[in-house]
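Notes follow once the structure below has been shown.
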Amino acid sequence: MTITWRRLDESDFPRLRQWLLQPHVARWWNHETSPEAVARDFGPAARGEEPSEDLLVAVDGTPVALVQRCWVADYPQYLGDLASQAEVPEQAMTLDYLIGDLELTGRGLGTRIVRAVVAATWTDHPDAKSIVVPVHAANRASWRMLEKAGLHRYAEALLEPDNPADDREHFVYRIDRPTG
């Protein structure tokens, strides 16, 4: 299995829209899915107008997932909300992720993808010291995947959920740059 990724571009929006429509994705992302909304929300990163890196992940050449990677400090509101409840190291990055096809979930693919992106982060971003990832406490599959990928839970925080049907309880995971 070969995992690769590239920056999301506007030609990927129809595929991303289909993924966002999938119930297993919509449950946690709760995103507007009209073509206009996808272009509005993902276009700036795709065009390099926003600091987030939206990565289209492929397995053996077939797109299967989206990973968003960014510096926590590039989003001051997010940093303020999180840092008021959990230690956020300087030079911390964060990730968000989805697997588009339900049939590909529950097989360790998310773990492999996150491990690969974390490893690449240390090379791609030599100033990155840590990766912190808040995940909704009810999203057991997501936080278990982070644990299997090597992140550890270090805090709990009350954060605005992606889905307004959820409460604010989040677990915060972290992995630090390897030393030596």
Side-chain angles (χ1 to χ4, degrees), residues 5 8 12-46 50-57 63-88 92-114 117-118 131-149 151-175:
W5 55 84
L8 185 77
D12 300 313
F13 291 174
R15 178 187 315 275
L16 177 58
R17 179 175 179 269
Q18 288 305 309
W19 289 347
L20 292 168
L21 286 165
Q22 298 305 306
H24 75 284
V25 174
R27 166 64 185 95
W28 299 108
W29 280 63
N30 192 48
H31 202 282
E32 286 185 58
T33 56
S34 70
E36 298 79 15
V38 171
R40 177 193 68 222
D41 295 340
F42 293 91
E50 183 177 316
S52 165
E53 299 171 313
D54 291 354
L55 307 171
L56 184 74
V57 180
V64 297
L66 175 75
V67 173
Q68 294 179 309
R69 178 173 65 180
C70 67
W71 293 99
V72 177
D74 283 341
Y75 297 88
Q77 176 73 39
Y78 179 68
L79 172 60
D81 292 347
L82 185 56
S84 70
Q85 302 175 69
E87 177 193 2
V88 179
M93 298 196 82
T94 190
L95 304 175
D96 203 355
Y97 40 82
L98 65 83
I99 294 178
D101 183 346
L102 178 62
E103 291 183 16
L104 297 176
T105 64
R107 299 177 180 194
L109 180 59
T111 301
R112 288 188 209 106
I113 289 170
V114 167
V117 171
V118 165
I131 299 170
V132 296
V133 182
V135 62
H136 195 276
N139 192 346
R140 186 175 195 279
S142 184
W143 54 260
R144 286 290 298 134
M145 180 276 300
L146 291 172
E147 291 170 353
K148 291 174 187 173
L151 285 81
H152 66 276
R153 186 185 308 178
Y154 77 101
E156 295 184 16
L158 298 175
L159 301 169
E160 197 63 38
D162 289 333
N163 189 328
D166 290 322
D167 62 25
R168 296 172 48 88
E169 187 177 350
H170 285 70
F171 297 142
V172 187
Y173 283 80
R174 175 177 170 175
I175 189 167

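Please read all numbers here as calculations on a predicted model, not as lab measurements.
No side-chain donor-acceptor contact under 3.5 Å links Y154 to the backbone of A86. For H136 (side chain) and D167 (main-chain N/O), a donor-acceptor pair under 3.5 Å exists by modelled atom type. In this structure, Q68 contributes its side chain and S52 its backbone to no donor-acceptor pair below 3.5 Å. The closest donor-acceptor contact from the side chain of W5 to the backbone of L66 lies at 3.5 Å or more, if one exists at all.
Using a 4.5 Å heavy-atom threshold, the side chains of P134 and L82 count as touching.
Considering T94, L146, I175 as possible partners of I131, the one that fulfils the side-chain contact (heavy atoms from CB on, under 4.5 Å) test is I175.
Residue pairs satisfying the side-chain hydrogen bond (donor to acceptor under 3.5 Å, both in side chains) criterion with at least one member in residues 14-28, sequence neighbours excluded, are listed as follows: R27-D166. Applying the salt bridge (Lys or Arg N to Asp or Glu O under 4.0 Å) test to pairs two or more places apart or on separate chains, those with a residue in residues 30-45 are E32-R40.
Of all heavy-atom pairs spanning R107 and R112, the tightest one is O-NH2, 3.7 Å. Taking both residues in full, the closest heavy atoms of L159 and H170 are given as O-CE1, 3.4 Å, listed atom of the first, atom of the second, then distance. Of all heavy-atom pairs spanning F13 and A46, the tightest one is CZ-CB, 4.0 Å. The two atoms that bring L95 and V118 nearest to each other are CD1-CG2, 4.1 Å, heavy atoms only.
Note on ring orientation: taking the six-membered ring where Trp is involved, the planes of W143 and F171 are perpendicular (angle over 60°, cut-offs 30° and 60°).
Looking only at atom types and distance, the side chain of E50 has a donor-acceptor partner in the side chain of Y75 under 3.5 Å away.
Contacts of E103 classified as side-chain hydrogen bond (donor to acceptor under 3.5 Å, both in side chains), with partners at least two apart in sequence or in another chain: none.
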